[in-house]
Amino acid sequence: MKKSYFSLFVAVILAVGAVSLSARGSSSGGVSIGATIYNFGDNFMNGVVAPALKKHAKENKASLTIVDSENQQAKQNDQVDIFINKGVQVLAVNLVDPASARTVIEKAKAADTPLILYNKEPTEAGVMDIYDKVWYVGTNSAESGILQGEMIAADWKANAGWDKNGDGVMQYVMLKGEPGHPDAEARTKEAILSIKGKGIKVQELALQADPTWSTQFGNDTMAAWLTSGFGEEIEVVIANNDGMAFGAITAMESAGVSLPIYGVDALEQALQLIKEGKMNGTVLNDGKGQAHAVIDLAMNVAAGKAPTAGTDWKLETDGSKAIRVPYVAVTE
Ligand code: BGC
Ligand code: CA
């Protein structure tokens, strides 16, 4: 008798447990996504991409957790392990180090968890092939440099006075993003190639890179350049992103200098600065679109569907397994 009461008791406890578990599953909204952002200090990732990820997850009733990898790949690797142990259905990873994709992909593969890498495209050739459930969402990095270079070239031709020393050469300084990051590498190279491609001679007075693409770096670096031996010679300032350009603008204002300056991202603040005539141009990096694509893909693959099923996104057919959201030039 006693025994059967006990087993009934156990059965009831188990049943209640099961109900509360399934209730938890449905109230937290179906698909669970574990996401990392390489550094919450990043203007673009934190200001544009993260809010859009949350918005689209909510629209899809998905439960999304976003963690800050604090610019440490080792920390991010641990975060991926924790997500996997918790049993998330999809991983969305903004790598800290684009060269470290293999470790993360291998973890996802071992757990058979679909993985969407975004914003930092893996740099190791062939690494996307080691797992059938890994995809990339980002941009065509070169495009942003080309668009930026084209607008700089057009403005240079329209403003004869920008050639301060009248030597027919554009003396520029370059604020570069994270070395090894495909966006930073391509922007730095392609912007200059496209300016030259418009028949303009250029001279690089200085180039410095910041792994965190930060406003502080833009400010400190520009301040140092302005007081350096070549400070007076600078004719154009080119930044790989708006964040660094904002800092450079502050440094110029403090020094009482105004020079043509260009960024990438088209953050709200950049559009405002362009309106005020303090910035000359930027290139829209459609972070909202990229976040939208990440969530659309996550919903599909969690349901076992083809990644782009029922969406307008197109996967590249070049083996990169990438969705590339277009850039748009912005000058007003
Ligand atoms: C953005 C930068 C950002 C970087 C982070 C780039 O696509 O343009 O603003 O810092 O991504 O990985
Ligand atoms: Ca010149």
Side-chain angles (χ1 to χ4, degrees), residues 37-39 41-50 52 94 98 118-121 137-156 170 172-195 197-198 202 204 207-219 221-222 236-250 252 259-275 278-291 324-332:
I37 282 189
Y38 91 94
N39 172 18
D42 186 287
N43 295 11
F44 173 71
M45 294 310 298
N46 202 46
V48 182
V49 181
N94 173 212
Y118 68 105
N119 170 259
K120 292 203 195 184
E121 186 161 15
V137 172
T139 60
N140 173 350
S141 303
E143 206 175 86
S144 49
I146 294 169
L147 290 173
Q148 192 191 42
E150 281 172 359
M151 73 183 149
I152 297 171
D155 289 352
W156 176 263
M170 181 192 297
Y172 71 90
V173 289
M174 175 76 73
L175 288 163
K176 181 178 174 178
E178 178 192 350
H181 187 315
D183 288 353
E185 296 301 337
R187 287 175 194 169
T188 303
K189 180 171 156 234
E190 299 295 337
I192 300 308
L193 280 178
S194 86
I195 294 170
K198 299 290 175 194
V202 297
E204 182 177 278
L207 175 152
Q208 286 212 35
D210 176 18
T212 62
W213 309 67
S214 72
T215 299
Q216 187 64 52
F217 174 85
N219 183 76
T221 308
M222 190 69 205
V236 174
V237 184
I238 309 175
N240 277 181
N241 77 341
D242 289 346
M244 292 187 290
F246 299 158
I249 291 169
T250 311
M252 288 195 277
L259 293 168
I261 177 161
Y262 298 82
V264 174
D265 282 341
L267 301 182
E268 283 297 325
Q269 193 182 339
L271 303 181
Q272 186 57 36
L273 287 164
I274 291 173
K275 267 200 200 103
K278 293 179 180 167
M279 194 166 161
N280 300 72
T282 185
V283 177
L284 171 67
N285 184 4
D286 185 3
K288 290 181 186 166
Q290 292 156 43
R324 301 190 190 279
V325 180
Y327 285 103
V328 186
V330 179
T331 49
E332 54 188 32

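Reckoned from all heavy atoms, side chains included, excluding hydrogens, waters and symmetry mates.
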**Item:** Close side-chain approach of Trp213 and His181, heavy atoms under 4.5 Å
**Value:** yes

**Message:** I'd like to know if the side chain of Tyr38 pairs up with that of Asn119 as donor and acceptor (distance under 3.5 Å, no hydrogens or angles considered).
**Reply:** no

**Message:** On a heavy-atom basis, which atom in Glu121 and which in Pro182 lie closest, and how many Å separate them?
**Reply:** O-CG, 3.5 Å

**Prompt:** When rounded to the nearest 0.5 angstrom, what distance separates CD in Gln208 from OG1 in Thr221?
**Reply:** 5.0 Å

**Request:** Answer yes or no: is there a side-chain heavy-atom contact under 4.5 Å between Pro98 and Glu178?
**Result:** yes

**Message:** Do Phe44 and Val264 have side chains that approach each other closer than 4.5 Å (heavy atoms only, starting at C-beta)?
**Reply:** no

**Item:** Inter-residue atom distance Glu204.CD - Met170.CE, 0.5 Å rounding
**Value:** 12.5 Å

**Message:** Strictly distance-based, threshold 3.5 Å: is any side-chain N or O of Thr215 a donor or acceptor partner for the main-chain N or O of Gly243?
**Reply:** yes

**Item:** Main-chain N/O of Asn46 paired with Asp42 side-chain donor or acceptor, under 3.5 Å
**Value:** no

**Item:** Asn280 vs Thr331 side-chain heavy atoms within contact, under 4.5 Å
**Value:** no

**Message:** Between Val328 and Val283, is the side chain to side chain contact (heavy atoms under 4.5 Å, CB included) condition met? List the steps.
**Reply:** CA-CA 6 Å; Val328 186; Val283 177; 6.0 Å; no

**Message:** Check whether Asn94 reaches the backbone of Ile37 with its side chain - one donor and one acceptor, N or O, closer than 3.5 Å.
**Reply:** no

**Item:** Shortest non-hydrogen separation from Ala209 to Pro179 and the atoms involved
**Value:** CB-CG, 3.7 Å

**Under 3.5 Å donor-acceptor, Asp265 side chain and Leu267 backbone** = no

**Asked** Are the side chains of Asp286 and Lys288 in touch, meaning some heavy atoms are under 4.5 Å apart?
**Response** yes

**Prompt:** In Å and rounded to the nearest 0.5 Å, what is the CE to CG distance from Met244 to Asn240?
**Reply:** 5.0 Å

**Request:** Under the side chain to side chain contact (heavy atoms under 4.5 Å, CB included) rule, collect the residues that match up with Ile192, sequence neighbours excluded.
**Result:** Tyr172, Met174, Ile195, Lys196, Val202, Ile238

**Prompt:** So, does Glu185 use its side chain to make a donor-acceptor pair with the main chain of Gly180 at under 3.5 Å?
**Reply:** yes

**Asked** Do Met252 and Ile261 have side chains that get closer than 4.5 Å, going by heavy atoms?
**Response** yes

**Message:** I need the Phe246 CZ to Gln216 CD distance, nearest 0.5 Å.
**Reply:** 14.5 Å

**Item:** Pairwise side-chain contact, Met222 with Leu259, heavy-atom cut-off 4.5 Å (strictly under)
**Value:** yes

**Asked** Distance only, no hydrogens: is a donor on one side chain within 3.5 Å (strictly under) of an acceptor on the other, for Asn219 and Thr250?
**Response** no

**Prompt:** Do the non-hydrogen side-chain atoms of Asn241 and Asn43 ever get within less than 4.5 Å of each other?
**Reply:** no

**Request:** Check whether any side-chain N or O of Ser194 sits under 3.5 Å from a backbone N or O of Gly197 as a donor-acceptor pair, and report yes or no.
**Result:** no

**Asked** Are Gln290 and Asn285 linked by a side-chain donor-acceptor pair shorter than 3.5 Å?
**Response** yes

**Message:** So if I apply the side chain to side chain contact (heavy atoms under 4.5 Å, CB included) rule between Tyr262 and each of Val237, Thr282, Asp155, which one comes out positive?
**Reply:** Asp155

**Complete:** Between the CD1 atom in Ile249 and the CE atom in Met279, the distance rounded to the nearest 0.5 Å is 5.5 Å

**Message:** Determine whether Met45 and Tyr118 satisfy the following criterion, side chain to side chain contact (heavy atoms under 4.5 Å, CB included), listing intermediate values before the conclusion.
**Reply:** CA-CA 10 Å; Met45 294 310 298; Tyr118 68 105; 3.6 Å; yes

Would you give me the side-chain donor-acceptor pairs under 3.5 Å for residues 143-150, sequence neighbours excluded?
{"residue": "Glu143", "atom": "OE1", "partner": "Tyr327", "partner atom": "N", "Å": "2.7"}
{"residue": "Ser144", "atom": "OG", "partner": "Ser141", "partner atom": "O", "Å": "2.7"}
{"residue": "Ser144", "atom": "OG", "partner": "Arg187", "partner atom": "NE", "Å": "3.0"}
{"residue": "Gln148", "atom": "NE2", "partner": "Ala239", "partner atom": "O", "Å": "2.9"}
{"residue": "Gln148", "atom": "NE2", "partner": "Gly263", "partner atom": "O", "Å": "3.2"}

